[in-house]
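What you see below is based on every heavy atom in this structure, not just the backbone, and it leaves out hydrogens, waters and symmetry mates.
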Amino acid sequence: MRAVIQDRYGTADVVRLGDLPRPEPAAGEVVVRVHAASLNGSDRENLTGSPFYARLAGLRRPRRPVPGSDMAGVVTAVGQDVTDLTVGDEVYGELSGYRGALAEYVATPPTLLAHKPAGLSFTEAAAIPQAGCIAWRAVHGKVRPGDTVLVNGAGGAGGAFVVGLARHAGAEVTAVDRTDKADHLRRLGADHTIGFETEDWARHRERYDLIVDLVARRSPYRVHRALRPGGTYLLVGGRTRTLLATLAAGPAIRWLTGKRVRVLAVPQSRDDLIAVTHLVTTGAVVPAIDRVYPLGEAPAAYERLAAGANRGKIVVEVAAGHTGRPTRPPRAGSAP
Ligand SMILES: NC(=O)c1ccc[n+]([C@@H]2O[C@H](COP(=O)([O-])OP(=O)(O)OC[C@H]3O[C@@H](n4cnc5c(N)ncnc54)[C@H](OP(=O)(O)O)[C@@H]3O)[C@@H](O)[C@H]2O)c1
């Protein structure tokens, strides 16, 4: 089968197309013919092996050569003891270990996969899993109408979904990313935008009920000052040392200020995936799709991801199998 292969960590040129044996399902696994896979910030980290937690996939080189965590496709084989999926089912979801999606076939336990809603294309479904589930955990049950929410790293995969969900929950949303993404952030539904190169949101005093930080680099002792009394700061991704400092300082900050400053662990969850997808199928949130590439152009997709040139999700159409220029997305991302 054709697959994207990454033998080592590095820049986008470590990714190449190759051939691998087609997988057979072990007991408790299904094999999915992948139709579409999408790229997240975690794929960029898994490419470079940085931050350090990306090396959980292999200290010196990735243990599993095929990258990609999010995919949508059709079940082609079912292993022993699998009862909830059958051959021909259209499914989508995140893969355990965040790898394996960028190949024509992948063997995976079915526990994280959900039935693809008929109203979504494989391309649209593949764009949801990791980013959608981050946003679901960051926003669901935490935002009330009228709350002020700041999203740091709002122009990326998870941030775009967070902006959409927070707006849907009735919040006033401030989106932070590169200055040249301001138009994109407004199309996502942001009320206010901040270019991180020119303005430091952490200097805003007591302004936000919720801060969702996808690219954390600031001390936990700084970020809490931007929270209103009783507010919450959630670190989703960022530098390892900031993550460790936030884990360590969170309880003391809570005790001293009453504010929550913590790391948000986002479990891979079929239930969360179904819940956030419901918001997509009802039109409450629209996944922001940047570009769609055929599998033959996957190295170019990685170049775009590594350069940070994307505005929303990059999707690779694996089953289409044709080569040629990257195609435009079926629709641009925007939230009501
Ligand atoms: N907590 C969990 O359980 C969990 C689960 C899954 C993933 N994650 C993590 O979540 C993080 C975010 O994922 P993602 O897919 O949303 O990443 P992403 O698509 O790379 O988005 C990050 C965005 O932040 C922008 N950015 C870069 N530097 C910035 C700065 N200093 N200030 C503000 N914005 C900045 C990036 O712009 P450029 O692209 O132009 O640089 C990009 O638009 C990753 O670190 C991932 O590992 C965490």
Does [X] come within less than 4.0 Å of [Y], counting only side-chain N to carboxylate O?
X	Y	answer
Arg16	Asp7	yes
Arg2	Asp19	no
Asp290	Arg311	no
Arg270	Asp84	yes

Can you find a heavy atom in the side chain of [X] that is under 4.5 Å from one in the side chain of [Y]?
X	Y	answer
Leu234	Asp213	no
Val32	Val30	yes
Leu227	Asp209	no
Val149	Thr174	no
Leu185	Val176	no
Val106	Pro23	no
Leu20	Val66	yes
Val139	Val162	yes

With sequence neighbours left out, write down each residue that passes side-chain hydrogen bond (donor to acceptor under 3.5 Å, both in side chains) with [X], or none if nothing qualifies.
X	value
Glu90	Lys116
Ser42	Gln130
Asn46	none
Thr11	Asp13

Query raised in the report: Going through the distances and angles, do Arg222 and Arg203 end up as a side chain to side chain contact (heavy atoms under 4.5 Å, CB included)?
Result: CA-CA 8 Å; Arg222 283 195 71 215; Arg203 292 179 184 274; 4.1 Å; yes
Report summary line: Here the ring-ring contact (aromatic ring centres under 6.0 Å, His included) pairs for residues 209-235, sequence neighbours left out, are none
Query - Pairs satisfying ring-ring contact (aromatic ring centres under 6.0 Å, His included), at least one member in residues 71-124, at least two apart - result: His35-Phe122
Requested in this report: Could you walk me through whether Leu120 and Thr277 pass the side chain to side chain contact (heavy atoms under 4.5 Å, CB included) test, one step at a time?
Outcome: CA-CA 10 Å; Leu120 289 182; Thr277 301; 3.8 Å; yes
May I ask you to decide if [Y]'s main-chain N or O and [X]'s side chain share a donor-acceptor pair within less than 3.5 Å?
X	Y	result
Lys181	Gly156	no
Ser69	Glu94	no
Asp272	Ser269	no
Arg304	Ala309	yes
Lys259	Arg228	no
Asp89	Val91	no

Query - Leu165 and Val285: CA distance, side-chain angles, deciding distance, side chain to side chain contact (heavy atoms under 4.5 Å, CB included) verdict - result: CA-CA 7 Å; Leu165 261 69; Val285 178; 3.6 Å; yes
I need the [X] [atom1] to [Y] [atom2] distance, nearest 0.5 Å.
X	Y	atom1	atom2	value
Ser38	Ile128	OG	CD1	9.5 Å
Trp201	Leu150	CH2	CG	6.0 Å
Arg8	Thr48	CZ	OG1	13.0 Å
Thr148	Ile211	OG1	CD1	8.5 Å
Glu45	Phe52	CD	CZ	13.5 Å
Leu305	Ile314	CG	CD1	5.0 Å

Requested in this report: Taking ring-ring contact (aromatic ring centres under 6.0 Å, His included) as the test, write out the residues that go with His192, two or more places apart.
Outcome: none
Query raised in the report: Taking Met71 as the fixed residue, which of Leu113, Val318, Val316 is the one that meets the side chain to side chain contact (heavy atoms under 4.5 Å, CB included) rule?
Result: Leu113
Query - Positive for side chain to side chain contact (heavy atoms under 4.5 Å, CB included) with Pro25, one of Val31, Val75, Val82 - result: Val31
Query raised in the report: Who pairs with Pro67 by side-chain contact (heavy atoms from CB on, under 4.5 Å), at least two apart in sequence or on another chain?
Result: Val4, Gln6, Arg99, Leu102, Tyr302
Query raised in the report: In chain order, what residues pass the side-chain contact (heavy atoms from CB on, under 4.5 Å) check against Arg239, with sequence neighbours excluded?
Result: Arg217, Arg241, Thr242
Query raised in the report: With sequence neighbours left out, what residues match Arg218 under salt bridge (charged side-chain N to carboxylate O under 4.0 Å, His left out)?
Result: Asp200
Quick one: closest heavy-atom pair of [X] and [Y], and the distance?
X	Y	answer
Gly132	Phe161	N-CD1, 3.7 Å
Ser96	Leu112	N-CD1, 3.8 Å
Gly230	Arg260	O-NH1, 4.2 Å
Ala125	Ala72	CB-CB, 4.0 Å

Taking [atom1] in [X] as the centre, count heavy atoms belonging to other residues, nucleotides or ligands within less than 6.0 Å. Is the count above 12?
X	atom1	result
Tyr53	OH	yes
Arg144	CZ	no
Glu24	CD	no

Query raised in the report: Quick one: do the Glu29 and Thr108 side chains pair a donor with an acceptor below 3.5 Å?
Result: no
Requested in this report: Check the angle between the aromatic planes of Trp136 and His140 and answer parallel, tilted or perpendicular using the 30° and 60° thresholds.
Outcome: parallel
Report summary line: salt bridge (charged side-chain N to carboxylate O under 4.0 Å, His left out) pairs touching residues 54-71, sequence neighbours excluded, are Asp70-Lys313
Report summary line: Residue pairs passing the salt bridge (charged side-chain N to carboxylate O under 4.0 Å, His left out) test with at least one member in residues 188-199, sequence neighbours excluded, are Arg167-Asp191
Requested in this report: Evaluate the side chain to side chain contact (heavy atoms under 4.5 Å, CB included) criterion for residues Glu317 and Leu295: first the C-alpha distance (whole Å), next the side-chain angles of each, then the deciding distance (0.1 Å), finally the verdict.
Outcome: CA-CA 6 Å; Glu317 283 188 342; Leu295 182 61; over 6 Å; no
